[in-house]
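Everything below concerns the one structure shown next.
Below, read A as the first sequence line, B as the second, and so on, with proteins coming before strands; counting in each chain starts at 1. Side-chain atoms are counted along with the backbone in the values below, which use heavy atoms only and exclude waters and symmetry mates.
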Amino acid sequence: MAVLRRVTMESGKITKQSEDFPSWYQDVVREGDLAEVAKIVKGCMVIKPHGYAIWEKIQADLDRRFKETGHKNAYFPLLIPMSFINKEAEHVEGFAPEIAVVTHAGGKELPKDEQYCIRPTSETIIGHFFSKWIDSYRDLPMLINQWANVMRWEMHTRMFLRTTEFLWQEGHTAHASHQEAKEEVTRMLNVYGDFAEQVMAMPVIRGIKTDSEKFAGALQTQCIEAMMRDGKALQAGTSHDLGQNFGKAFDVKFQSAEGREEFVWQTSWGVSTRLIGGLIMSHSDDSGLILPPKLAPIQAVIVPIARKDAEKETVLPVVDKLAADLKAKGIAVKVDDREGKRPGEKYYEWERKGVPIRIELGPRDVASGEAMTKLRVSDDKVKMKIDTLADEMPGVLDGFQQFLLNRALRFREENTVTVDTWDEFKDVFSEGASKFAWCHWDGTRETEARIKEETKVTIRCIPLSGQGPAPEEGKCIKTGNPSKQRVLMAKSY
RNA sequence: CGGGGUGUAGCGCAGUCUGGUAGCGCGCCAGCUUUGGGAGCUGGAUGUCGAAGGUUCGAAUCCUUUCGCCCCGACCA
């Protein structure tokens with residue numbers, strides 16, 4: 001039993017990651033000015049401007065990818081008739097415990113059959129409208145996405161990772177054939193995977209969820225799993241093959257080219273503000289947040305150093321010109337010319353907020369024609385020629401983006417093991433520790449549950465082709481029964 | 001929901017055991033001096049002590065109830 005350790009912190013400082021990972025995480029969120037716990041509303045958070053700006057960048061990039069793959073945005077009601085939720089058996093069972101119900105409205109108690117729940121996800125209500133909108137195979141595929149908030153009554157909340165209300169997007173599509181639907185599931189999983197790696201610099205394993213971990217009501221759930229810096233896994237996105245389950249529950253039928261009446265094949269897929277939690281736990285350090293340039297609201301900050309008016313006169317015009325040049329190159333640049341704060345204080349502040357690169361520009365630099373620059377992750381400052389700095393900056397930022405991805409990949413490799421014996425397995429996961437472990441599993445729910453019960457370790461996914469070790473026969477780590485391939489095991493968020 | 005913590009100024013905390021009317025550091029405001037890695041001095045502002053009830057002449061402190069947050073379980077994006 002881990003007793004909560006009191007970590008003495010100086011004001012405005014961050015608990016060391018190695019001392020207490022959860023405290024570190026909270027400190028980074030606070031010091032980065034990303035969000036705060038709402039307190040007045042149980043389990044909810046306020047996403048502050050700097051945190052929301054990151055979400056907006058995530059949204060912008062993903063939205064473009066969704067549109068490029070043919071999807072259109074729409075918006076469905078927040079309130080869903082309770083009767084809808086009850087229509088799909090597995091769906092009810094999965095979501096019932098975490099649903100908030102509106103029982104009173106207009107000053108009166110609503111009759112049982114007129115009560116609403118606040119959406120935990122929108123498969124049901126969208127199924128209802130799909131059934132109205134879809135008549136023939138010519139209406140298919142129906143490719144809809146919704147940016148929305150959802151609510152799930154969680155017992156245990158953590159900022160960005162699990163809150164009662166959260167922001168996400170949910171894609172919902174309907175297709176004429178199962179094959180087409182499966183292709184959609186894969187397509188969107190790849191959109192997520194590419195986004196995670198190229199934009200978030202967060203490497204992911206693409207895989208399939210076991211039956212016990214899949215979405216309530218789906219035939220199959222595919223996922224991307226990322227390793228956090230404590231070795232735990234974060235499910236960062238999911239893409240579901242819903243089969244005809246919701247089609248049947250909501251009578252979503254179409255007339256095929258051959259004139260037959262058939263149920264549609266549906267998919268749904270989503271990522272949430274949880275991605276921000278993943279971003280934090282993939283890259284950040286004891287000095288605070290580290291953002292990949294592609295998601296940084298401020299990519300470069302210029303700190304002018306000028307104490308006297310005469311120095312300001314020489315420095316500030318150079319700073320302004322450099323800022324303009326950077327802007328012209330498409331760089332999100334911020335000049336921190338606040339009075340009354342010393343340069344050092346500004347350096348720390350922007351580091352905590354995750355700005356990828358800092359440029360220091362003072363009288364000496366103007367004289368020499370070189371500015372001091374410092375990447376968020378390096379210990380050394382580098383001199384760059386002021387004249388060519390703006391031209392070089394896109395390349396520097398690209399390099400930084402790549403560096404973060406490579407570093408995260410290396411970290412994952414160093415913390416990924418192949419395990420074949422139960423003793424070794426228990427050792428890897430002893431005392432709260434976690435790694436990614438490729439292990440054989442006999443494919444049964446019972447074994448999966450036993451492993452989880454004894455070690456807290458879950459099967460994160462069965463890797464898709466090329467995402468894990470090549471399939472090979474083996475024996476289950478727990479039971480010794482035959483296994484056809486290794487699966488990814490880890491503790492998870 | 002169980003176990004363990006915790007709630008006092010914007011942030012971090014002391015004060016609670018042993019009741020006497022609230023303090024420290026940082027931050028904030030003003031002024032001067034400063035300014036290339038968290039500045040110094042002087043002066044100043046800020047609290048319904050999580051909430052509600054009770055005991056008491058008197059409650060941050062004792063009692064009861066309640067709410068939030070954190071950690072560990074049970075459940076989940």
Pick out the pairs of N or O atoms, protein on one side and nucleotides 28-32 of chain B on the other, that lie under 3.5 Å.
from  : atom 1 : to       : atom 2 : distance (Å)
B/C28 : OP1    : A/Lys341 : NZ     : 3.2

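- Contact annotation: A/His156 side-chain N/O to B/C71 OP1/OP2 distance is under 4.0 Å.
- Comment: A/Arg229 does not engage A/Asp285 in a salt bridge, judged by the lack of any side-chain N to carboxylate O separation of less than 4.0 angstrom.
- Atom name C1', nucleotides B/G27 and B/C70: the rounded distance is 24 Å, in whole Å.
- Comparing B/G37, B/C70, B/G12 by their closest approach to the side chain of A/Thr157 singles out B/C70.
- Taking a cutoff of 4.0 Å between a charged side-chain nitrogen and a carboxylate oxygen, A/Lys426 and A/Glu454 do not qualify as a salt bridge.
- With RNA chain B read from its 5' end, the first of the two nearest nucleotides for A/Ile305 and A/Tyr493 is the one closest to A/Ile305.
- Rounded to whole Å, the distance from CG on A/Asp27 to P on B/C70 is 13 Å.
- Applying the 3.5 Å distance criterion, the base of B/G37 shares a donor-acceptor pair with the side chain of A/Lys381.
- Between A/Asp365 atom CG and B/U35 atom P there is a gap of 16 Å when expressed in whole angstrom units.
- At a threshold of 4.0 angstrom between heavy atoms, the contacts of A/Gly94 with the nucleic acid are absent.
- You'll find a donor-acceptor pair under 3.5 Å spanning the side chain of A/Arg364 and the base of B/G36, going by distance alone.
- Rounded to whole angstrom, the span from the CG atom of A/Asp20 across to the P atom of B/C72 amounts to 9 Å.
- Within residues 309-325 of chain A, no residue places a heavy atom under 4.0 Å from RNA chain B.
- With both pairing distances under 3.5 Å, B/G27 is matched to nothing as a Watson-Crick or G-U wobble pair.
- Pairing partner, B/G47: none, since no Watson-Crick or wobble contact has both distances short of 3.5 Å.
- Within the nucleic acid shown, A/Arg338 has no heavy atom closer than 4.0 Å to any nucleic acid atom.
- Distance A/Phe215 CZ to B/C75 P: 19 Å, rounded to the nearest Å.
- Side-chain proximity of A/Ser272 to B/C75, B/C71, B/A77: nearest is B/A77.
- For A/Glu351 against B/G38, no side-chain N or O and base N or O form a donor-acceptor pair under 3.5 Å.
- Residue contacts for A/Ser287: at a heavy-atom cut-off of 4.0 Å it reaches no nucleic acid atom on any strand shown.
- Lacking a ring centre under 5.5 Å from that of the base six-membered ring together with a plane angle below 30°, A/Tyr348 does not count as stacked on B/G37.
- Listed candidates were B/G38, B/G36, B/C70. Nearest to the side chain of A/Arg352 is B/G38.
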